[in-house]
Structures are given as C-alpha cells and as structure tokens.
There are 2 protein chains.
Amino acid sequence: MNTPTFRNWQSVQTEVLRRIHAREWKPGELIPNEADLALEFGCARTTVNRALRAVADSGLLDRRRKAGTRVAIQPAAKATLTIPVIRNEIEERGQTYDYHRIERHLAAPPAAVSDAMKSPADHPLLHVCALHIADNVPYAFEDRWINPDVVPDALNESFEAVSANEWLLKHTPYTHGEIVFAATSATRDEAAFLKCPEKSALFTIDRVTWDGEFAVTKVRVLYGPDHQIRTAL
Amino acid sequence: MNTPTFRNWQSVQTEVLRRIHAREWKPGELIPNEADLALEFGCARTTVNRALRAVADSGLLDRRRKAGTRVAIQPAAKATLTIPVIRNEIEERGQTYDYHRIERHLAAPPAAVSDAMKSPADHPLLHVCALHIADNVPYAFEDRWINPDVVPDALNESFEAVSANEWLLKHTPYTHGEIVFAATSATRDEAAFLKCPEKSALFTIDRVTWDGEFAVTKVRVLYGPDHQIRTAL
DNA sequence: ATGTTTATTATGTATGCACATAAAAACATC
DNA sequence: GATGTTTTTATGTGCATACATAATAAACAT
C-alpha cells in the first residue's frame with residue numbers, strides 16, 4: 001500500500017488539493033512538513049515546495065516559517081479577474097466591434113475626479129467619452145480623464161479611430177493602478193447612450209492608472225445591462 | 001558602467017518591471033533570453049526564470065517555449081479579488097457584525113437555480129435566506145440553495161446562529177466553483193430587506209460550488225447600495 | 001515567576017546541472 | 001510550391017545541495 005510516486009509539481013499539487021478537499025487534511029490542521037512530504041511523494045523538497053507555494057497562492061494553505069503549513073480555516077476565495085481590452089472582449093466572442101467617440105475636450109474635472117487623480121482642482125484634463133459597440137448594440141460607455149502633463153501626446157490625438165483605452169496601453173508607461181468594481185444606476189445620459197432604461201443597474205469598473213506619483217488616467221466604464229464578469233474559483 | 005548584480009529573484013523582478021515600465025523593453029518586443037539575462041544580472045538562470053515567471057503571471061509578459069519572452073502588447077489587466085467571508089469583511093473594518101436568518105425551508109427551486117446546479121427541476125433543495133448586518137445597517141442579502149444530497153447535515157442545522165456561509169466552509173468539502181459578478185436592480189422584497197429604494201443598483205455576486213460533479217450550493221449575495229470591491233492592479 | 005538569550009526548525013531561496021518539451025526554423029521530399 | 005520531417009533552441013522543470021530567515025521553543029538568567 002505504497003503511495004505512487006509523484007513526478008512533477010503539478011501532480012503533487014493535485015494530490016495536495018485532493019487531500020484538502022477530501023478533508024484528509026482538515027481546515028486549520030497542520031500538514032506534514034516539506035521534507036516528509038518529499039519523502040512520501042518520492043520527489044525532491046524543491047518540488048513539494050513549488051506545489052505548496054502554488055496552493056498557498058490560491059489561498060487554500062497558510063504557510064509560515066518554522067510554524068509550518070496549515071490548511072486555511074476560512075479560505076477567503078481568491079478570484080482572478082481578467083479585465084481585457086474591450087475590443088478584444090467583444091471580438092473574442094465572435095462579435096463585430098465598433099467604436100464611437102462621443103466627446104473630447106480639455107476641461108477642469110469634477111472634484112471626484114481631480115481628487116482621485118490627486119490633481120489640482122482647477123487643472124484642466126483631457127476628457128474623452130466614447131461608446132463601445134458589439135454587433136451594433138451598445139456594449140459599454142467609457143468616461144475617461146487623461147492627464148496631459150503625463151501624456152502630452154494625447155493632446156494631438158483625436159481618439160476617433162482608436163479608443164483611448166488602446167492608445168494609452170500602447171503609448172503610455174505606468175507603474176501601478178487601482179480598480180474598483182461597483183453597481184451604478186444609469187443616469188439619463190448614460191441610459192441614452194447605452195439604449196437602456198434610465199436607472200438600469202449597470203456594472204461599473206473604475207480604474208485609476210499611475211506612473212509613479214502622477215495619475216495617468218482615470219476611467220469609468222459602464223457596461224450595458226445584464227453584463228457580467230465570470231471566473232472560476 | 002556595469003549593471004549591479006541582482007542577488008534574488010525579487011530584485012530581478014523589480015528590474016524587469018522597471019524596464020517594462022520605462023519602455024526600455026517596449027510592448028510586443030522580444031526580451032533577451034533567460035541565459036543572457038542571468039549572465040547580465042550575475043545570477044543563475046533559475047533565478048531569472050522565477051522572476052520572469054512571476055511577471056508573466058501578472059500578465060505583463062508573454063512567454064512561449066522556443067519563441068522566447070516578449071512584453072505583452074495589451075496587458076489584459078489581471079485583478080485578484082479576495083472575496084472574504086462577509087463576517088470577516090465587516091469585522092475587519094471595525095464594525096459590529098450581525099446576522100439575521102430570514103428563511104429556511106425545503107423547496108423545489110426555480111428553474112434558473114436547478115439549471116445552474118444541474119439538479120433535477122423537481123428535486124427539493126434547502127433554501128436559506130439571511131441578512132448580514134454591519135453596525136445595525138443592512139449590509140448584504142444572502143439567498144442560498146443547498147443540495148441536501150451532498151450536505152445531509154445541513155438539514156439538521158437551523159442557520160439561525162451561524163450563517164450558511166461559514167457553516168458550509170467549515171463542514172463541506174468542495175472541489176471547484178464558479179463566480180459571477182454583476183449589477184442587479186433591487187426587487188421590492190430585496191429593497192425592503194436592505195432598506196434601500198426599490199430598483200437600486202446592487203452589486204451582486206453569484207457563486208456555485210461543486211464537489212466533483214455535484215453542486216453543493218448556489219448562493220447569490222446582494223450587497224447594499226454603493227457597495228464596491230476594490231483591488232490594486 | 002518573568003524576562004532575555006540562544007538554539008532549533010520549517011519554510012524560503014540561490015545555484016549548477018540535467019533533461020523534457022513546445023515550437024520555430026531549416027531541410028528534404030513529393 | 002506545398003507538405004512532411006528533422007534539427008535547433010528557449011522555456012519548463014526536477015534534483016541535490018547549501019545557506020538565509022523567521023518564528024517558535026527551550027535554556028538561561030534575573
């Protein structure tokens with residue numbers, strides 16, 4: 001009744017996951033240390049380490065030096081969402097993508113925007129609004145503010161052919177960002193653009209992108225009604 | 001003008017990220033292979049490999065055998081969301097958590113639910129509805145269906161003191177799950193429970209949890225108005 | 001009893017080496 | 001020229017070893 005040998009880290013990972021799910025290792029319980037597992041699985045400790053590290057990354061194991069590795073008590077689900085460029089999102093579903101720029105001008109942003117971008121209240125930013133369309137149906141409304149100090153080239157771009165989304169990705173470096181998911185009620189204007197009833201519940205993604213200490217851009221994307229983002233757990 | 005040596009994979013990663021952000025390596029561009037980088041950084045190829053793998057995991061690099069590693073053209077943002085147990089979510093903000101079970105009975109679920117759980121339409125499931133409360137204000141409404149074939153013990157549990165959320169986490173193994181984020185409009189009943197206007201836009205998480213081929217539970221959590229989930233990018 | 005120092009130990013990681021594998025590129029064949 | 005086959009090459013991974021580090025437990029001193 002010997003355990004079969006596990007050659008690669010994936011198979012070790014699978015076995016570890018099996019034991020966790022089968023409750024052979026119960027939540028909160030300490031599991032054998034890497035060296036022992038390596039012996040049991042007939043592989044090197046490095047391999048066990050890699051497997052356990054992967055499982056820990058997914059949140060199912062808690063690891064601490066000296067204390068050892070234990071099964072997470074409340075495995076706070078970690079879902080990795082991929083937020084694609086809208087064009088890709090649409091084209092990957094086999095729909096035709098269309099883009100329509102609605103507005104583009106320099107203006108002082110509302111306080112909510114200048115605050116989020118940590119930009120002086122009266123400092124003008126480039127405001128670009130656009131509609132993303134899938135199979136001739138409005139798909140998402142994009143409301144974006146761009147900091148021309150950080151991206152001076154944006155002032156020479158009309159954003160009529162290429163969406164600001166893609167243009168910025170291609171031309172602008174950034175270091176980090178914040179992203180917020182929420183549900184918002186469609187305003188009159190938004191409803192008109194998205195051709196949905198006013199006050200429809202819209203899935204919304206807000207994103208602020210930074211290059212060092214300067215905000216590059218802030219964008220709010222309002223998706224059409226019934227839009228959903230799904231992922232495996 | 002020699003590059004300083006990078007001792008550990010984190011510092012290699014930092015340097016790689018710097019080069020990407022600084023556009024020394026431009027989007028779409030092929031970067032030197034691992035062996036060359038190892039030589040340049042004065043470390044082993046394994047170390048470079050680990051660093052590049054980490055960056056690739058975050059979506060900024062595309063790696064393919066033989067073809068080499070290149071900077072992602074459109075780094076589809078990958079956001080890792082942590083979906084905590086609601087009680088923890090509330091308590092971590094220093095608010096008091098309260099829980100109120102609204103309903104619990106065996107019933108044949110609506111088609112949408114039995115379909116999602118791949119359960120026969122007329123097969124009765126345990127329906128548990130509850131309200132999660134933060135500082136005496138309704139926080140989230142939980143609408144859950146539990147498969148008693150998979151979790152027979154649930155039939156002996158009133159879910160009055162412990163939320164089904166936590167009880168299941170503690171008692172039920174599972175293998176995988178699906179999760180869907182969306183925005184929904186509050187129905188009359190939901191609005192009443194959450195003490196918000198009818199048709200408010202509510203952030204919604206739908207989750208189906210499986211143990212092998214059997215659905216363990218399906219839950220829809222409706223968060224109160226203005227709820228948002230944020231994460232770093 | 002209590003605080004402080006010193007082992008001890010499990011994980012974390014760097015390294016050199018070997019070999020596996022996918023996929024591009026070169027080549028041969030029809 | 002199109003198609004199938006072989007070679008080449010960059011990444012992917014396993015392993016043994018060594019040492020680093022964090023955190024606990026044990027030993028020690030006060």
Side-chain angles (χ1 to χ4, degrees), chain A residues 2-17 19-20 24-73 75 78, chain B residues 2-17 19-20 24-73 75 78:
Chain A
N2 206 352
T3 340
T5 51
F6 295 90
R7 274 170 206 76
N8 53 37
W9 71 268
Q10 287 95 335
S11 68
V12 171
Q13 185 189 31
T14 307
E15 172 63 9
V16 167
L17 287 173
R19 291 188 185 186
I20 294 173
E24 289 178 22
W25 291 340
K26 300 198 182 65
E29 214 172 275
L30 202 64
I31 76 172
N33 70 39
E34 296 184 349
D36 290 349
L37 286 175
L39 210 65
E40 181 189 342
F41 291 149
C43 66
R45 184 170 80 88
T46 323
T47 308
V48 174
N49 180 283
R50 171 100 192 250
L52 293 184
R53 201 152 34 81
V55 178
D57 281 346
S58 81
L60 258 76
L61 288 176
D62 282 334
R63 324 192 69 201
R64 276 166 64 208
R65 277 174 165 150
K66 161 76 185 174
T69 301
R70 53 182 68 232
V71 181
I73 322 143
K78 281 189 187 171
Chain B
N2 206 352
T3 340
T5 50
F6 296 90
R7 274 168 207 76
N8 54 35
W9 72 268
Q10 287 96 333
S11 69
V12 172
Q13 185 189 30
T14 307
E15 172 63 10
V16 167
L17 288 173
R19 292 189 185 184
I20 294 173
E24 289 178 23
W25 292 338
K26 299 198 183 64
E29 214 172 276
L30 201 65
I31 76 171
N33 69 39
E34 296 184 349
D36 290 349
L37 285 176
L39 210 66
E40 180 189 344
F41 291 149
C43 66
R45 183 171 79 88
T46 322
T47 308
V48 174
N49 181 283
R50 172 99 193 248
L52 293 184
R53 202 153 33 83
V55 178
D57 281 346
S58 81
L60 257 74
L61 288 176
D62 281 334
R63 325 192 70 203
R64 275 165 65 206
R65 278 174 164 151
K66 161 74 186 175
T69 302
R70 54 182 69 232
V71 181
I73 323 142
K78 280 188 187 171

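In the text below, chain A, chain B and the rest are named by the order of the sequence lines, each starting its count at 1.
- One can place CG of A:Asp57 at 15 Å from P of C:dT11, the figure rounded to the nearest angstrom.
- Residue B:Asp62 holds its CG atom at 11.0 Å from CG of B:Leu30, rounded to the nearest 0.5 Å.
- For A:Asn8, the listed nucleotide lying nearest its side chain is D:dG14; candidates were C:dT13, C:dA14, D:dG14.
- Rounded to whole angstrom, the span from the CZ atom of B:Arg53 across to the P atom of D:dT13 amounts to 7 Å.
- Among the nucleotides C:dG16, C:dT11, D:dG12, the one closest to the side chain of B:Arg63 is D:dG12.
- Heavy atoms from other residues, nucleotides or ligands lying under 6.0 Å from CG of B:Leu60 number more than 12.
- Annotation: salt bridge (charged side-chain N to carboxylate O under 4.0 Å, His left out) contacts involving residues 41-57 of chain A, sequence neighbours excluded, comprise A:Glu34-A:Arg45.
- Here the C1' atom of nucleotide D:dG14 and the CD atom of A:Gln13 are 16 Å apart, to the nearest Å.
- Heavy-atom contacts from other residues, nucleotides or ligands closer than 6.0 Å to CD1 of A:Ile73 number 12 or fewer.
- The side chain of A:Arg45 has C:dT13 as its nearest neighbour among C:dT13, D:dC15, C:dA10.
- Protein atom CG of A:Leu52 is 13 Å distant from nucleotide atom P of C:dT13, rounded to whole Å.
- Of all heavy-atom pairs between A:Gln13 and A:Ala54, the closest is NE2-CB, 3.5 Å.
- The side chain of B:Trp9 lies closest to C:dA14, out of C:dA14, D:dT13, D:dG12.
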Working for side chain to side chain donor-acceptor pair (under 3.5 Å), residues A:Asn49 and A:Thr46 = CA-CA 5 Å; A:Asn49 180 283; A:Thr46 323; over 6 Å; no
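- The distance between atom CG of B:Leu30 and atom P of C:dA23, rounded to the nearest whole Å, is 16 Å.
- A sub-4.0 Å separation between OP1 or OP2 of D:dT13 and a side-chain N or O of A:Arg50 is present.
- Checking the phosphate oxygens (OP1, OP2) of C:dG12, no side-chain nitrogen or oxygen of B:Gln10 falls inside 4.0 Å.
- A distance of 10.0 Å separates CD in B:Gln10 from OG1 in B:Thr47, rounded to the nearest 0.5 Å.
- The distance from atom CZ of A:Phe41 to atom P of D:dG14 is 13 Å, rounded to the nearest whole Å.
- At its two ends the helix from C:dA1-D:dT30 to C:dC30-D:dG1 runs along axes set 10° apart, each axis drawn from five pairs and the angle rounded to 10°.
- The separation between A:Asp62 atom CG and C:dT11 atom P is 13 Å, rounded to whole Å.
- Spacing between atom CG of A:Leu37 and atom P of C:dA10 amounts to 12 Å, rounded to whole angstrom units.
- Comparing atom distances between the A:Thr46 side chain and each of D:dT17, C:dA18, C:dG12 picks out D:dT17 as nearest.
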message = Determine whether B:Leu37 and B:Glu40 satisfy the following criterion, side-chain contact (heavy atoms from CB on, under 4.5 Å), listing intermediate values before the conclusion.
response = CA-CA 5 Å; B:Leu37 285 176; B:Glu40 180 189 344; 3.9 Å; yes
Report, one pair per line, the protein and nucleotides 22-27 of chain D atoms (nitrogen or oxygen only) whose separation is under 3.5 Å.
| unit_1 | atom_1 | unit_2 | atom_2 | d |
| --- | --- | --- | --- | --- |
| D:dT24 | OP1 | A:Arg64 | NH2 | 2.3 |

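- Residue A:Thr69 places at least one side-chain N or O closer than 4.0 Å to OP1 or OP2 of C:dT11.
- B:Thr69 has its side chain out of reach of B:Val55: every pair of non-hydrogen atoms, C-beta onward, lies at least 4.5 Å apart.
- Nearest-nucleotide positions on DNA chain C for A:Gly68 and A:Asn49 put A:Gly68 closer to the 5' end.
- Between A:Thr47 and D:dC15 there is a side-chain polar atom (N or O) within less than 4.0 angstrom of OP1 or OP2.
- Here the CH2-CG distance, from B:Trp25 to B:Leu61, works out to 8.0 Å after rounding to the nearest 0.5 Å.
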